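FYI, side chains are in, hydrogens and waters are out, and symmetry mates aren't considered; it's all heavy atoms of this structure. Residue numbers begin at 1 in each chain, while the letters A, B, ... track the order of the sequences. Keep in mind the model is a prediction, meaning the values are calculated, not measured.
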There are 2 protein chains.
Amino acid sequence: MFDVFAKECPSRQVFAHVTGRWGALVMGRLSTDPHRFSEIRRSIEGISDRMLAQTLRDLVDDGLVVRIDSGTNPPHTVYHLTEQGAVVAEAVRALVETVQSTMPTLPAH
Amino acid sequence: MFDVFAKECPSRQVFAHVTGRWGALVMGRLSTDPHRFSEIRRSIEGISDRMLAQTLRDLVDDGLVVRIDSGTNPPHTVYHLTEQGAVVAEAVRALVETVQSTMPTLPAH
DNA sequence: CGGCATCCGAATGGATACTG
DNA sequence: CAGTATCCATTCGGATGCCG
């Protein structure tokens, strides 16, 4: 079956996108609600246009996120999770909360 | 409180290590059992000595992993999770399984 | 507003050789 | 065995400018 520890397994790429530097944060953000490009950009401190666009494209290609472009001018594009994306995002959100709640007991940085 | 979406929050660094390209796989591997350096290296296809050493050092510094060096020759070093690391690793393991079980319903790559 | 194209420095990361 | 050191290629990713 699928094994993220295997180099050529397709799940490895999806896992890499989901756990990537920005992927996890984007999934975590979308886990609660659909959001516009600029909303996501503002809510994730430090991400650039370029990286957000690239990250979203990867997730759309993976089938975890849907891009809805109204086609109007000015543009109005909304991103939301697919059914499968919602399941994955829920696991990401759990990880986010676990890390955050574990922080107080970790040695200071 | 701690917020992984905030740029300067310490939790952001820990989250980055845990969700990094190799960090997530290392945590996932250690989630079941303690392992030696070479065992981890073999079990994660594609990782190099250099990246494994660096990844483990980050996780040790974060307080999620403990390094036990027997000091003998030949060396015998075992890595295992701290109490907090076990909690985080469990969330990582859940994410790994979620991604793997979701794969069959995703568009092919 | 939501991108894409280009440039370019910084960081990532593999290969190899070496050590206790 | 468990790393470290060095070198080098690839990728990351910010800045800027442009477009509909």
Side-chain angles (χ1 to χ4, degrees), chain A residues 4-8 12-27 29-30 33-62 65-81, chain B residues 4-8 12-27 29-30 33-62 65-81:
Chain A
V4 299
F5 296 99
K7 198 174 178 179
E8 5 50 59
R12 172 82 162 254
Q13 326 306 329
V14 175
F15 187 72
H17 293 154
V18 169
T19 61
R21 175 166 179 189
W22 302 116
L25 292 172
V26 170
M27 290 297 284
R29 185 51 73 197
L30 290 178
D33 293 290
H35 286 289
R36 302 182 56 173
F37 187 91
S38 54
E39 288 174 341
I40 304 173
R41 192 195 197 300
R42 273 194 305 274
S43 74
I44 301 178
E45 284 186 32
I47 196 171
S48 65
D49 282 357
R50 191 176 179 281
M51 285 303 108
L52 178 54
Q54 192 172 110
T55 301
L56 285 168
R57 242 182 297 125
D58 286 340
L59 295 174
V60 168
D61 288 348
D62 288 339
V65 170
V66 179
R67 177 180 187 272
I68 299 178
D69 187 343
S70 67
T72 58
N73 193 310
H76 190 280
T77 311
V78 177
Y79 294 90
H80 69 88
L81 297 167
Chain B
V4 299
F5 296 99
K7 198 174 179 179
E8 4 52 58
R12 171 81 161 255
Q13 324 307 329
V14 174
F15 187 70
H17 294 153
V18 168
T19 59
R21 174 165 180 190
W22 302 117
L25 293 172
V26 170
M27 290 297 284
R29 184 52 70 197
L30 290 178
D33 292 291
H35 286 290
R36 302 181 57 171
F37 186 90
S38 54
E39 287 174 341
I40 303 173
R41 192 195 198 301
R42 272 194 305 275
S43 74
I44 301 177
E45 283 185 33
I47 196 170
S48 63
D49 282 356
R50 191 178 178 279
M51 284 302 107
L52 178 54
Q54 190 172 111
T55 301
L56 284 168
R57 245 183 293 125
D58 286 340
L59 295 174
V60 168
D61 288 348
D62 288 339
V65 170
V66 179
R67 176 180 187 274
I68 298 177
D69 187 344
S70 67
T72 58
N73 194 310
H76 189 281
T77 310
V78 177
Y79 294 89
H80 69 89
L81 297 168

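- Residues from residues 47-58 of chain B with heavy atoms under 4.0 angstrom of DNA chain D, sorted by number: Asp49(B), Arg50(B), Ala53(B), Arg57(B).
- Heavy atoms of Gly20(B) sit nowhere under 4.0 angstrom from any nucleic acid atom.
- Pro75(B) meets the side-chain contact (heavy atoms from CB on, under 4.5 Å) test with no other residue; sequence neighbours excluded.
- Inter-residue side-chain proximity for Phe5(B) and Leu25(A) is flagged as met; some heavy-atom pair is nearer than 4.5 Å.
- Atom-to-atom distance recorded for Asp62(A):CG and His17(A):NE2 is 5.5 Å, nearest 0.5 angstrom.
- Each salt bridge (Lys or Arg N to Asp or Glu O under 4.0 Å) pair with one or both residues in residues 13-26 of chain B, not counting sequence neighbours, would appear here, but there are none.
- One end of the helix from dC1(C)-dG20(D) to dG20(C)-dC1(D) points its axis 50° away from the other end's axis, with each axis taken from 5 pairs and the angle rounded to 10°.
- Using a 4.0 Å cutoff on non-hydrogen atoms, the parts of residues 36-45 of chain A near DNA chain C are Arg36(A), Phe37(A), Ser38(A), ordered by number.
- Scored by the side chain to side chain donor-acceptor pair (under 3.5 Å) test, Ser43(A) finds Arg29(A) as partners (sequence neighbours excluded).
- Taking the side-chain contact (heavy atoms from CB on, under 4.5 Å) definition, one finds that Ala53(A) meets it with Phe37(A), Arg57(A), sequence neighbours left out.
- Looking at residues two or more places apart in sequence or on another chain, you find no side chain to side chain donor-acceptor pair (under 3.5 Å) involving Arg12(A).
- The side chain to side chain donor-acceptor pair (under 3.5 Å) test applied to Glu39(B) returns His35(B), not counting sequence neighbours.
- Along DNA chain C, the nucleotide nearest to Arg67(A) and the one nearest to Pro74(B) differ in position, and the one closer to the 5' end is contacted by Arg67(A).
- Along DNA chain D, the stretch of nucleotides lying under 4.0 Å from any heavy atom of chain B spans, 5' to 3', dC1(D) to dT6(D).
- Sorted by first then second residue, the side chain to side chain donor-acceptor pair (under 3.5 Å) pairs that include residues 70-79 of chain A, not counting sequence neighbours, are Arg36(A)-His76(A), Arg67(A)-Tyr79(A), Ser70(A)-Thr72(A).
- Inter-residue side-chain proximity for Leu59(B) and Val26(B) is flagged as met; some heavy-atom pair is nearer than 4.5 Å.
- For the atom pair CG of Leu30(B) and CG of Leu81(B), the computed distance is 5.0 Å after rounding to the nearest 0.5 Å.
- Note that the first and last nucleotides of DNA chain C, 5' to 3', having any atom under 4.0 angstrom from a heavy atom of chain B are dG13(C) to dG20(C).
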